[in-house]
Colleague: 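This is the structure I have questions about; it appears just below.
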Amino acid sequence: MTSMKFLLKVALVGVLLSVFSCKKYLNDNVNKGTVPESIQWASEGNADLFLNALYGQTYNWHNSPDYLDSFTDDNDGGIYWRSYRWKQGIVDPSSDGGYPEGETQGGPTFNVSSNNYGDWKPTYARIRSCNLFIQKVTENKGGVFSAAWAAKRIDEVRFLRAWWYAQLWQFVGGVPIITKVLDNTDGSDILYARNTFEETYNFINSELDAVIADNKLAVKYNNGNADAGRATLGAAMMVKGWVQLYAASPAFNSGTSPTGTADPNNLIHFATADNNRWAAAAATFKKFMDTYTQYSLFPQLDRMWDVGNEYNSEVIWDRQQVAGVGGAMSNSVDTYGGPVYILGQYHTWGNYCPTQELVDSYRMANGKRITDPTSGYDPNNPYVGREPRFYQTIVYDGAPYKQNWMSKTDTIWTRMDDAPNSPHFNNPTVVGTGTNRIDFGTADASNTAYYFKKKLNPDAPEGNAANGMNYVYYRYAEVLLGYAEAQNEAVGPDASVYEAVNKIRQRASTNLPPLDAGLTQDQMRQEIRDQRRIEFAWEAKRFYDIIRWKIAKDVMSVDRHAMKIYNTSPTDNKGVWKYEPVPLNHPHVFTDKMYMNPIPQSVLDINKKLVQNPGY
């Protein structure tokens, strides 16, 4: 990198203030704990510190052992975490603070305020800060703040505010829309009722439309640019397209409540169905592809997240993270996921464990599903001949494992093997034989016989927080698959749908054959859903997909599976190695109300104007 990350700059300012209290900061007489408004808004540089702190509150989702994929059918995260309770159907306004999805175990180590999904109170605190920034900059535009600076920064903050509203809207539906700084010292009412699902959706879209129309932001920032990580036109249009895609989906666009319980106020769905919503999403993604040509697929998918490849052609918007800094700037994904033992040494918690269901979704190298009798899939050699993304993402039994920091290649064995003198002997009761073998109990080793490899830092050992890779919220592959899905639903599988999907399949590092011609709309729909699951595995996308497609009850109400690998002659391994998918016997409860989160009871207790979501 040729430029210090702008979030690191403000983080270092905070460190310097706490350590060197005698140093000057804005003014010698400033209380280092709080900055008076007269100084906070005294210059563009001072106001930028306020804005940078807002960027610092974007979600730090790398830093959770209970990633959002653990709330889906793709990952089994173990019994310790909130996802385990959620999969038991334990979701109500009082448990877990009313935030079913979000990690709190372990306290501030996991950056609770940054990691929770659908977190009402912190989200509104951020929205208030956005409103304050817009108010103060508007008041001083043309004076302290130049018109050009003010226009650009206000659009950045309008983007952030719309994004935070969208995050909350996805989990709870319609929310109170507040665009000013509330102050009840003059007797004003600061308690608002909820806007409808559609009103909230329209507000988010209108804000993003305004940012795009203003055209004050850069389309994209490249690696080394001092502003890389700030909002862009590309980010604004991507979020708009995603919000439209989410809203057009069956759960919310059928004219009935997704929870099966009456929603007379239309807080969690549109009042009427409208297929034109698909067309609107398709149009947004099409405009992105045609207008923002600075974006394209990065040739090598598994290297897209590397520090040296930050802000590559595929990255639309990300959260900056830096190795070795600690706090909100840190990236702990390597501590929580990946093989537990590497070269015989303990490295990770083993929390990120793909299910057999996810593994089975990966195609063969010829592009065919493993269920296709002509695919060449062999259940006795299930990891042979699979597509490249399988090997880039999944660590399986017998997988060669070599990262740049390693002195030699390791082989990860997850099979059950207790035969002495076996080359992959991994009896966990023997000291020094660090084992990744499948664990059906509470140890760190995988419960599924698989580990995730995707997004692990190849240049530093797992488990030491030496990962400085940014968290990518959106990338260009989402534009392509978002367009393909919306266009297919709007008009069917026309040539443009095929083109978009084939770009994903035929990325240089994926290299699958093009789709067969003549697919029906239903067949193309399934292909797109499969591609989303494979392409975005372990990127916190699957949860939103199974919710909006309204298939969560289908896939989450059945037990998921692991791969039990054993020899028919276990004492000497002279028999046959068997690959047997077995139930995890972990909770698998999903009730209709879980298509939306509750509003936390603590929030309802304060604001009696709020109406709880159906079913809670």
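Just so it is clear, the values below take in all heavy atoms, side chains as well, and ignore hydrogens, waters and symmetry mates.
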Colleague: Just checking, is any N or O donor in the side chain of D66 or S83 under 3.5 Å from an acceptor N or O on the other one?
Modeller: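 Side chains of D66 and S83: pair found under 3.5 Å.
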
Colleague: Given the ring of W61, does R319 sit roughly above its face, with NZ or CZ under 6.0 Å from the centre of the six-membered ring and within 45° of the axis?
Modeller: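 The answer is no, since R319 fails at least one limit relative to W61.
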
Colleague: Consider only side-chain N and O atoms of Q531 and E527, and report whether a donor and an acceptor are under 3.5 Å apart.
Modeller: yes

Colleague: Check whether the ring centres of W317 and Y311 lie less than 6.0 Å apart, and answer yes or no.
Modeller: no

Colleague: Would you please say whether a donor-acceptor pair under 3.5 Å links the side chains of Q521 and N488?
Modeller: no

Colleague: When you compare the side chains of R161 and N131, does any donor N or O come within less than 3.5 Å of an acceptor on the partner?
Modeller: yes

Colleague: Indicate whether any N or O donor in one side chain lies under 3.5 Å from an N or O acceptor in the other, for T123 and Q167.
Modeller: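 No, no side-chain donor-acceptor contact under 3.5 Å.
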
Colleague: May I ask you to check whether D522 and T520 show a side-chain donor-acceptor distance below 3.5 Å?
Modeller: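 Per modelled atom types, D522 and T520 side chains form no pair under 3.5 Å.
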
Colleague: Does a donor on one side chain sit under 3.5 Å from an acceptor on the other, for N75 and D69?
Modeller: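 No donor-acceptor contact under 3.5 Å links the two side chains.
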
Colleague: Is the charged tip of R548 near the ring of F252: under 6.0 Å from the six-membered ring centre and within 45° of its axis?
Modeller: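 No, R548 does not lie over the aromatic ring of F252.
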
Colleague: Could you label the plane-to-plane angle of the Y67 and Y352 rings as parallel, tilted or perpendicular, counting under 30° as parallel and over 60° as perpendicular?
Modeller: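 The rings of Y67 and Y352 sit tilted, inter-plane angle from 30° to 60°.
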
Colleague: With E535 as reference, evaluate K454, R363, R529, R507 under the salt bridge (Lys or Arg N to Asp or Glu O under 4.0 Å) test and give the passing residue.
Modeller: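 For E535, the salt bridge (Lys or Arg N to Asp or Glu O under 4.0 Å) check succeeds only for R507.
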
Colleague: Check the angle between the aromatic planes of F71 and W86 and answer parallel, tilted or perpendicular using the 30° and 60° thresholds.
Modeller: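 Aromatic pair F71/W86 classed perpendicular.
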
Colleague: Is it the case that the side chains of Q321 and N60 hold a donor-acceptor pair, with the cut-off being a distance below 3.5 Å and no angle test?
Modeller: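 Yes, a side-chain donor-acceptor pair sits under 3.5 Å.
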
Colleague: Looking only at the side chains, is there a donor atom on one of N46 and S43 sitting less than 3.5 Å from an acceptor on the other?
Modeller: yes

Colleague: Hey, would you say the Y473 and Y471 ring centroids sit under 6.0 Å apart?
Modeller: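 Judged by ring-centre distance (under 6.0 Å), Y473 and Y471 do meet the cut-off.
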
Colleague: Would you say Y474 and D318 are linked by a side-chain donor-acceptor pair, where the criterion is simply a distance under 3.5 Å?
Modeller: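 No donor-acceptor contact under 3.5 Å links the two side chains.
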
Colleague: Just checking, is any N or O donor in the side chain of W242 or Q170 under 3.5 Å from an acceptor N or O on the other one?
Modeller: yes

